[in-house]
There are 2 protein chains.
Amino acid sequence: METTWTHRLREAGLRVTRPRLSVLDVLSAHPHADADTIVTGARAQHPTLSPQTVYGVLEALVSVGLARRIEPAGAPALFELRVGDNHHHLVCRSCGAVADVDCAVGAAPCLSPSDTAGFVVDEAEVVFWGLCRRCHGQAAEESETVGGAST
Amino acid sequence: METTWTHRLREAGLRVTRPRLSVLDVLSAHPHADADTIVTGARAQHPTLSPQTVYGVLEALVSVGLARRIEPAGAPALFELRVGDNHHHLVCRSCGAVADVDCAVGAAPCLSPSDTAGFVVDEAEVVFWGLCRRCHGQAAEESETVGGAST
DNA sequence: CCCCTTGTTTTGAACGAGTCAAATCAAGGG
DNA sequence: CCCTTGATTTGACTCGTTCAAAACAAGGGG
């Protein structure tokens, strides 16, 4: 349904505007998009949209819990619509691709550090670093080539 | 021993210079310092030290494995000398204080996401978010005051 | 249906953290 | 003591993001 976002926005106490619907559309199509990707994508529907507006929309969505911001080290922030389940992420060191992971084993094993040093912990954020299938495949090919085989 | 760092640097194939020793000193005293703190601290020993030099030193230390860089979301990067054990961190949402945590339960439970979506994972990074003892205490005091009690 | 209020968007400038590049300098082997 | 090469310095610059003021429009009240 097309008007689902309209309802979600109003339920959250936000006005329904074109920039917001465009951003939500882009996020549906790109589940882990950075601000720049969102600006570019949203301009398909709203060509005059400015980056600042997108930042404003994203902040509004995050603050009412319709979107979540993730910030992998060394990369611009990413936004996703999957909220409320505190899932984690796989990040490719080579191409930056991101995939979702449900919390590792059972409920929330990572929420139990052995010694919290007096901290009251409310969230455990986990990032798995590695290579995505494609980049890992390329790395393997290259080492083969280096090894001698060609073509 | 004062010359320990001298040996470590040489072992790593790095020249021993004043900026490097100063940075290492500051990191010993501040186990989770950001670049700015390091610049300020190191200037006690080397007043003309520039930020760019510190960035250079830090990059050198990280690249040879004498230091580790951590990047909590929404804050400047921090550097620490505790390396080689892939421990994790507690971060205070209020004041930014950081404490070390040994990996949660047993060996490395977090290194086993249920479904890796084709990724080859080489590291699991865990950040526990919450409030440190001091900030949690202040928050409690304030809600008490709001609730009615005083003094 | 129009007006008014208030939240949004727009415009444009500014910021902090970090990077890049060329020139100078000094560590430490010969 | 000199020379090579890596390290530091200087300065400009980039990127992602935030700030502020003015123009605008969503949508409730009359």
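Numbered from 1 within each chain, the chains take letters A, B, ... in sequence-line order. Please read all numbers here as calculations on a predicted model, not as lab measurements.
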Nucleotide [N], atom [atom2] - distance to [atom1] of [X] in whole Å:
X       : N      : atom1 : atom2 : value
A:Gln45 : C:dT9  : CD    : C1'   : 17 Å
A:Ile38 : C:dT9  : CD1   : P     : 14 Å
A:Glu59 : C:dT8  : CD    : P     : 11 Å
A:His7  : D:dG27 : NE2   : P     : 11 Å
A:Leu49 : C:dT10 : CG    : C1'   : 10 Å
A:Leu61 : C:dT9  : CG    : P     : 9 Å
B:Glu71 : C:dT19 : CD    : P     : 9 Å
A:Arg10 : D:dG27 : CZ    : C1'   : 8 Å

With DNA chain D as reference, determine whether A:Phe79 or A:Val16 sits nearer its 5' end, using the nearest nucleotide of each.
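It is A:Phe79, whose closest nucleotide lies nearer the 5' terminus.
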
Between N or O atoms, less than 3.5 Å apart, protein on one side and nucleotides 11-15 of chain C on the other: list the pairs.
{"from": "C:dG12", "atom 1": "O6", "to": "A:Gln52", "atom 2": "NE2", "distance (Å)": "3.4"}

Using a 3.5 Å distance criterion without hydrogens, assess whether the side chain of [X] forms a donor-acceptor pair with backbone atoms of [Y].
X       : Y       : result
A:Arg69 : A:Ala77 : no
A:Arg18 : A:Gln45 : yes
A:Glu71 : B:Gly74 : yes

Mind checking whether [X] and [Y] sit in one hydrophobic cluster, side chains of I, L, V, M, F, W, Y counted as touching below 4.5 Å?
X       : Y       : result
A:Val16 : A:Leu58 : yes
A:Leu90 : A:Leu78 : no
B:Tyr55 : B:Ile38 : no

From A:Val98, A:Thr37, A:Leu81, residue fulfilling side-chain contact (heavy atoms from CB on, under 4.5 Å) relative to A:His32
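Exactly one option meets the side-chain contact (heavy atoms from CB on, under 4.5 Å) with A:His32, and it is A:Val98.
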
Identify each atom pair where a protein N or O and an N or O of nucleotides 3-7 of chain D are less than 3.5 Å apart, giving names and distance.
{"from": "D:dT5", "atom 1": "O2", "to": "B:Arg15", "atom 2": "NH1", "distance (Å)": "3.3"}
{"from": "D:dT5", "atom 1": "O2", "to": "B:Arg15", "atom 2": "NH2", "distance (Å)": "3.0"}
{"from": "D:dG6", "atom 1": "O4'", "to": "B:Arg15", "atom 2": "NH2", "distance (Å)": "3.3"}
{"from": "D:dG6", "atom 1": "N3", "to": "B:Arg15", "atom 2": "NH1", "distance (Å)": "3.4"}
{"from": "D:dA7", "atom 1": "OP1", "to": "B:Arg20", "atom 2": "NH1", "distance (Å)": "3.0"}
{"from": "D:dA7", "atom 1": "OP1", "to": "B:Arg20", "atom 2": "NH2", "distance (Å)": "3.1"}
{"from": "D:dA7", "atom 1": "O5'", "to": "B:Arg20", "atom 2": "NH2", "distance (Å)": "3.2"}

Under 4.0 angstrom between A:Tyr55 side-chain N/O and D:dT18 OP1 or OP2
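Result: no.
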
Check the phosphate of D:dT9 against B:His46, side-chain N and O only, distance under 4.0 Å to OP1 or OP2. Yes or no?
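Yes, within the criterion.
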
If you assign each of A:Arg18 and B:Asp34 to its closest nucleotide in DNA chain C, which residue comes earlier from the 5' end?
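Nearer the 5' end of the strand: A:Arg18.
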
Distance (rounded to the nearest 0.5 Å) between A:Trp5 CH2 and A:Ser22 OG
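Result: 13.0 Å between the selected atoms.
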
Between A:Val127 and A:Pro72, is any pair of side-chain heavy atoms under 4.5 Å apart?
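Result no, sub-4.5 Å side-chain heavy-atom pair not found.
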
